[in-house]
Colleague: 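Below are the structure tokens for one structure; questions will follow.
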Amino acid sequence: MIRTHYSTQITPEMNGSSVTICGWAHEIRDLGGITFLVVRDREGLVQVTLFKKTIDKNVLETVRNISRESVVAVTGNIKKEAKAPNGYELIPTKVEVLGKAESPLPMDTTGKVDADLDTRLDVRFMDTRRPYTQSIFRIRHLILKSIREYLGREGFIEITTPKVVATATEGGTALFPITYFEREAFLNQSPQLFKQLMMSGGLDRVFEIGPIFRAEEHDTRKHLNEATSIDIEASFIDHEDVMVILENLVKYVYSNVAENGGSYLKTLGVELKIPETPFKRITYDEAIKIACDNGEQIEWGDDLTTESEHSIGKTIGEHYFIVDWPSKIKPFYAMPYENKPELCRAFDMMHPRMELSSGAQRVHSYELLRSRITEQGLNADGFDFYLKAFRYGMPPHSGWGLGAERLLMTMLGIDNIREVVLFPRDRKRLSP
RNA sequence: GUCCGGAUAGUGUAGCGGCCUAUCAUGGAGGCCUGUCGAGUCUCCGACCCGGGUUCAAAUCCCGGUCCGGACGCCA
């Protein structure tokens with residue numbers, strides 16, 4: 001290993017000891033008699049100081065020829081120095097250029113000149129060198145890590161389901177067709193059917209964090225053609241129970257980020273407000289009424305328009321659930337109420353800005369499921385692999401899917417979903 | 001897909017018929033400078049998206065294309 005210390009592992013008290021730091025040449029400031037090389041690694045910055053009078057000529061020459069953003073390894077001695085940032089500087093004995101950077105750079109990494117998101121996405125490898133961008137992905141990591149912790153503690157087993165599937169079964173959203181040897185196949189739009197199979201499969205509580213693909217030609221700041229879905233499915237519990245799991249999960253994730261991501265939040269200028277549980281529940285009827293009262297053009301039976309979603313969100317002002325949806329605008333596997341089958345045991349979990357999650361208690365009766373599929377205009381034959389599991393002992397079960405990118409962007413107050421994906425896939429962007 | 005706005009050095013911008021040999025910042029090259037920390041300072045370098053049109057004259061106006069941003073639509 002070349003590195004002995006990250007920048008943040010060095011303290012002024014280490015005065016006199018020798019270390020090797022590795023990173024990118026953030027800036028070189030040559031003042032004539034004294035030259036400063038600022039090296040940036042994942043954690044922070046280190047000032048390397050060269051005095052013309054005492055430094056080895058070759059070392060000075062090397063440093064003066066380093067281009068910005070080149071990768072360097074610097075070995076030297078820590079010197080406690082009040083005039084230096086962080087109270088210390090590194091007096092080099094050896095400076096190596098491990099990866100030279102060409103010039104000019106495709107974007108500024110120092111924060112002096114902002115680049116457009118489009119420019120940044122074209123050179124994401126350089127954009128992620130910036131503390132701002134890196135903080136987003138460090139928080140994304142914290143979120144996913146805390147979700148695994150939380151669900152693990154709640155008895156959920158992490159599973160992985162196929163992303164290449166045989167048929168465009170669920171209807172609705174468009175799928176990406178692909179070639180699978182001599183057959184046509186599709187990229188999976190959701191792990192829905194597979195996680196349900198595992199309820200019949202006896203795993204009782206499962207979750208998956210994985211990619212989903214949707215071939216919709218949407219062009220908005222909250223849609224992606226490849227997104228990350230956080231999905232759970234659990235047996236012997238109803239939609240109310242999984243709503244409690246969901247709101248507690250969101251609260252846990254926020255608390256966890258607040259606790260462990262303070263420096264990243266600060267870099268992003270975010271003051272995190274931890275949502276209070278339980279989240280407010282409003283029925284679909286109430287949601288429509290709020291939208292209408294706010295002057296929106298929407299009728300009972302419609303899915304929420306973008307404007308209604310914003311309008312209701314503004315009225316509520318915090319995370320909330322919309323429950324008791326019309327059965328006909330929810331998928332076939334949502335369980336209708338026994339005494340009022342036009343409504344179903346489905347819910348959406350909303351942030352004031354957008355929908356974050358939707359879920360339901362599922363239909364677990366084979367006959368009902370089959371007729372629901374047909375009612376929604378789908379061909380039940382394509383669902384054989386799925387329906388079969390309902391014929392040999394399927395427990396009652398419920399679950400939800402939560403959009404990871406939406407959770408992250410609403411948490412951080414980021415406007416464009418592309419900002420929170422390393423390499424976003426949208427209508428126009430397929431590379432990098 | 002519809003509507004609106006936009007595209008100027010590597011990056012981010014000003015200019016919106018002649019004053020453009022195109023502004024400013026950042027950057028790059030080369031000087032000066034022993035405490036910089038968005039260093040300072042001097043000199044130089046580097047751009048009007050593509051195609052067509054209008055005009056004596058186009059970065060600027062018009063048409064088409066491509067791409068970008070926003071709103072909406074689409075989105076089990």
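What you see is a predicted model; the values in this text were computed from it and never measured. Convention: sequence-line order gives letters A, B, ...; per-chain numbering from 1.
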Colleague: Please tell me which of A/Lys52 and A/Ile329 maps to the more 5' nucleotide of RNA chain B, matching each residue to the nucleotide holding its nearest heavy atom.
Modeller: A/Lys52
Colleague: Find the distance A/Leu105:CG to B/G12:C1' and express it as a whole number of Å.
Modeller: 14 Å
Colleague: To the nearest Å, how far apart are A/Glu69 CD and B/G10 P?
Modeller: 19 Å
Colleague: How far does the C1' atom of B/A9 sit from the matching atom of B/C44, given to the nearest Å?
Modeller: 15 Å
Colleague: Quick one: which of B/G12, B/C68, B/A76 gets closest to the side chain of A/Asp118?
Modeller: B/C68
Colleague: Side chain of A/Ser358 only, heavy atoms from C-beta on: which candidate in B/G12, B/A76, B/G73 is closest?
Modeller: B/A76
Colleague: From the list B/G70, B/G27, B/C75, which nucleotide is the closest neighbour of the side chain of A/Arg221?
Modeller: B/G70
Colleague: Nearest whole Å is fine: how far is B/C75 P from A/Glu355 CD?
Modeller: 13 Å
Colleague: Give me the ring orientation class for A/Phe207 and A/Phe156: parallel if the planes are under 30° apart, tilted from 30 to 60°, perpendicular past 60°.
Modeller: perpendicular
Colleague: Over how many whole Å does the gap from A/Met107 atom CE to B/A25 atom P extend?
Modeller: 21 Å
Colleague: Given that both distances must come in under 3.5 Å, which nucleotide forms a Watson-Crick or G-U wobble pair with B/A47?
Modeller: none
Colleague: Using 4.0 Å as the upper bound for N to carboxylate O, is an ion pair formed by A/Asp118 and A/Lys428?
Modeller: no
Colleague: Give me the distance, rounded to whole Å, that separates B/A7 from B/C50 when you measure between the P atoms they each carry.
Modeller: 13 Å
Colleague: Using purine N1 to pyrimidine N3 plus N6-O4 or O6-N4 for Watson-Crick, or N1-O2 and O6-N3 for G-U wobble, each under 3.5 Å, what pairs with B/G1?
Modeller: B/C72
Colleague: Between B/G27, B/G1, B/C75, which one does the side chain of A/His223 approach most closely?
Modeller: B/C75
Colleague: Under a 3.5 Å cut-off for both distances, is B/C16 Watson-Crick or wobble paired, and to whom?
Modeller: none
Colleague: Have a look at A/Thr35 and say if it touches a base, only the backbone sugar-phosphate, or nothing, with a 4.0 Å heavy-atom cut-off.
Modeller: nothing
Colleague: With A/Arg3 as the cation and A/Tyr6 as the aromatic partner, state whether NZ or CZ is under 6.0 Å from the six-membered ring centre and within 45° of the axis.
Modeller: yes
Colleague: Which of the following nucleotides, B/U34, B/A76, B/G73, is nearest to the side chain of A/Lys53?
Modeller: B/U34
Colleague: With C1' as the reference atom in both, quote the distance from B/C56 to B/G17 in angstrom, rounded to an integer.
Modeller: 12 Å
Colleague: So A/His310, base contact, sugar-phosphate only, or nothing? Heavy-atom distance under 4.0 Å.
Modeller: sugar-phosphate
Colleague: Using whole Å, what does the distance between atom P of nucleotide B/G10 and atom CZ of A/Arg68 come to?
Modeller: 16 Å
Colleague: Of the options A/Thr35, A/Ile28, A/Ile91, A/Val74, which is the one that meets A/Val48 in a side chain to side chain contact (heavy atoms under 4.5 Å, CB included)?
Modeller: A/Val74
Colleague: Is any side-chain N of the basic residue among A/Lys195 and A/Glu208 closer than 4.0 Å to the acidic one's carboxylate O?
Modeller: no
Colleague: Could you check whether A/Asn416 gets within reach of a base, just the sugar-phosphate, or nothing at all, counting any heavy atom under 4.0 Å?
Modeller: sugar-phosphate
Colleague: For the pair made of CD1 in A/Ile66 and P in B/G28, what is the distance, rounded to whole Å?
Modeller: 13 Å
Colleague: Quick one: A/Arg64 CZ to B/G30 C1', roughly how many Å, whole number?
Modeller: 13 Å
Colleague: Would you mind pulling out the nucleotide paired to B/U34, Watson-Crick or G-U wobble, both distances under 3.5 Å?
Modeller: none
Colleague: Looking only at atom P, what distance separates B/G35 and B/G70, rounded to whole Å?
Modeller: 46 Å
Colleague: Using the P atom as the point on both nucleotides, what is the distance between B/G10 and B/G46, in whole Å?
Modeller: 11 Å
Colleague: Can you tell me which nucleotide in B/G10, B/A76, B/C75 comes closest to the side chain of A/Pro104?
Modeller: B/G10
Colleague: For B/G64 versus B/U54, give the span between their C1' atoms, rounded off to a whole number of Å.
Modeller: 15 Å
Colleague: Classify the nucleic acid contact of A/Thr220 as base, sugar-phosphate or nothing, counting any heavy atom under 4.0 Å across all strands shown.
Modeller: base
Colleague: Determine the Euclidean distance between corresponding C1' atoms of B/G15 and B/G1; express it in Å to zero decimal places.
Modeller: 35 Å
Colleague: Hey, what are the protein-to-nucleotides 35-45 of chain B N/O distances that come in under 3.5 Å?
Modeller:
residue	atom	partner	partner atom	Å
B/G35	N1	A/Glu89	OE1	3.2
B/G35	N1	A/Glu89	OE2	3.1
B/G35	N2	A/Gln47	NE2	3.4
B/G35	N2	A/Glu89	OE1	2.5
B/U36	O2'	A/Arg29	NE	3.2
B/U36	O2	A/Arg29	NE	3.2
B/U36	N3	A/Gln47	OE1	2.6
B/U36	N3	A/Gln47	NE2	3.4
B/U36	O4	A/Gln47	OE1	3.1
B/U36	O4	A/Gln47	NE2	3.1
B/U36	O4	A/Lys83	O	3.0
B/C37	O4'	A/Arg29	NH2	3.2
B/C37	N4	A/Lys83	O	3.4
B/G38	N2	A/Lys112	O	3.1
B/A39	OP1	A/Glu27	OE2	2.5
B/A39	OP1	A/Lys112	NZ	3.1
B/A39	OP2	A/Glu27	OE1	2.7
B/A39	OP2	A/Glu27	OE2	3.2
B/A39	OP2	A/Arg29	NH1	2.1
B/A39	N6	A/Asp30	O	3.4

Colleague: Can you tell me how far P of B/G70 sits from NZ of A/Lys428, to the nearest Å?
Modeller: 12 Å
Colleague: Classify the side chain of A/Gln189 versus the base of B/A76 as yes if they form a donor-acceptor pair under 3.5 Å and no if they do not.
Modeller: yes
Colleague: Could you tell me whether A/Arg120 and A/Glu419 make a salt bridge, using a distance below 4.0 angstrom between a side-chain N and a carboxylate O?
Modeller: yes
Colleague: Kindly point out which of B/G12, B/C72, B/C74 is positioned nearest to the side chain of A/Ala115?
Modeller: B/G12
Colleague: Could you tell me if the side chain of A/Phe390 sits less than 4.5 Å from the side chain of A/Gln196, heavy atoms only?
Modeller: yes
Colleague: Closer than 4.0 angstrom, basic N to acidic O: yes or no for A/Lys222 and A/Glu309?
Modeller: yes
Colleague: Considering every strand shown, what is the Watson-Crick or G-U wobble mate of B/A7 when both distances are under 3.5 Å?
Modeller: B/U66
Colleague: Write down the distance separating the P atoms in B/A59 and B/G52, rounded off to the nearest Å.
Modeller: 15 Å
Colleague: What does B/C61 pair with, Watson-Crick or G-U, if both distances are under 3.5 Å?
Modeller: B/G53
Colleague: Is there a donor and acceptor pair closer than 3.5 Å between the side chain of A/His218 and the base of B/C75?
Modeller: no
Colleague: Does A/Arg140 pair with A/Glu405 as a salt bridge, N-O distance under 4.0 Å?
Modeller: yes
Colleague: Side chains of A/Leu343 and A/Tyr284: closer than 4.5 Å at any heavy-atom pair?
Modeller: no
